[in-house]
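Step one of this worksheet: look at the structure below.
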Amino acid sequence: VQLQASGGGLVQAGGSLRLACAASGTPFNLTVMGWYRQAPGHQREMVAEHVIGGATRYADSVKGRFTISRGSSKNTVFLQMNRLKPEDTAVYYCNGHLISDFWGQGTLVTVSS
């Protein structure tokens, strides 16, 4: 399974970005797709997860600002990030789970103050 993420970039605080991730290489729907992030000097942390069927989970730090959704193709996932803060600056990784975990290459999000 390969995951391709896109949509990162530079934005001012208070702005918005939308990340996208598409999985390929499997005929099956990934049971969970999500986003993790890693800031310099910090461990990778879960940002948001979407379980096929609709359940979602968010890190406390992004609740009310970020929204995760799946595309009509179940192996695509989006992360709408609103009211971005400088502390959201990190490399964002797409994650997919189907028996094993799979990771995308990461996309950099930089929020300037």
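Just so you know, these numbers use all the heavy atoms, side chains as well, and skip hydrogens, waters and symmetry mates.
Taking a 4.5 Å side-chain heavy-atom cut-off between Ile, Leu, Val, Met, Phe, Trp and Tyr, the cluster of Y58 extends to V1, L3, V11, L17, L19, F28, L30, M33, W35, V47, V62, F66, I68, V77, L79, M81, L84, Y92, L98, F102, V109, V111.
Of all the heavy atoms in A13 and P86, the pair that sits closest is CB-CD, 4.1 Å. Residues N75 and N29 share a closest heavy-atom pair of OD1-CA, 3.4 Å.
Side-chain atoms of Q2 do not come within 3.5 Å of backbone N or O of A23 as any donor-acceptor pair. Formation of a donor-acceptor pair under 3.5 Å by the T110 side chain with backbone atoms of T89 is not found in this model. A donor-acceptor distance shorter than 3.5 angstrom exists from the side chain of R83 to the backbone of G64, with no hydrogens or angles considered. Of the possible donor and acceptor atoms, one in the side chain of T107 sits under 3.5 Å from a partner among the backbone N and O of G8.
From R65, atom CZ reaches atom OG1 of T67 across 11.0 Å, with rounding to the nearest 0.5 Å. In this structure, the separation between OG on S6 and CZ on R18 is 10.0 Å, given to the nearest 0.5 Å. In this structure, CD on E49 lies 10.0 Å from OG1 on T31, to the nearest 0.5 angstrom.
Here the side chains of S16 and Q80 are in contact, with some heavy-atom distance below 4.5 Å. At least one side-chain heavy atom of M46 sits less than 4.5 Å from a side-chain heavy atom of R57. Side-chain contact between R37 and H42 is absent, with no heavy-atom pair separated by less than 4.5 Å.
Taking the ring centre of F78 as origin, the terminal cationic atom of R70 falls outside the region bounded by 6.0 Å and 45° from the ring axis.
No hydrogens or angles considered: nothing links the side chains of Y36 and Q43 as a donor-acceptor pair under 3.5 Å.
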* To do: Show the numbers, then the answer: is there a side chain to side chain contact (heavy atoms under 4.5 Å, CB included) between D101 and N95?
  => CA-CA 7 Å; D101 277 317; N95 169 268; 3.6 Å; yes

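Checked for salt-bridge contact, K85 and D88 miss the test: no charged N lies under 4.0 Å from a carboxylate O.
With sequence neighbours excluded, no residue satisfies ring pair (Phe, Tyr, Trp, His ring centres under 6.0 Å) with Y93.
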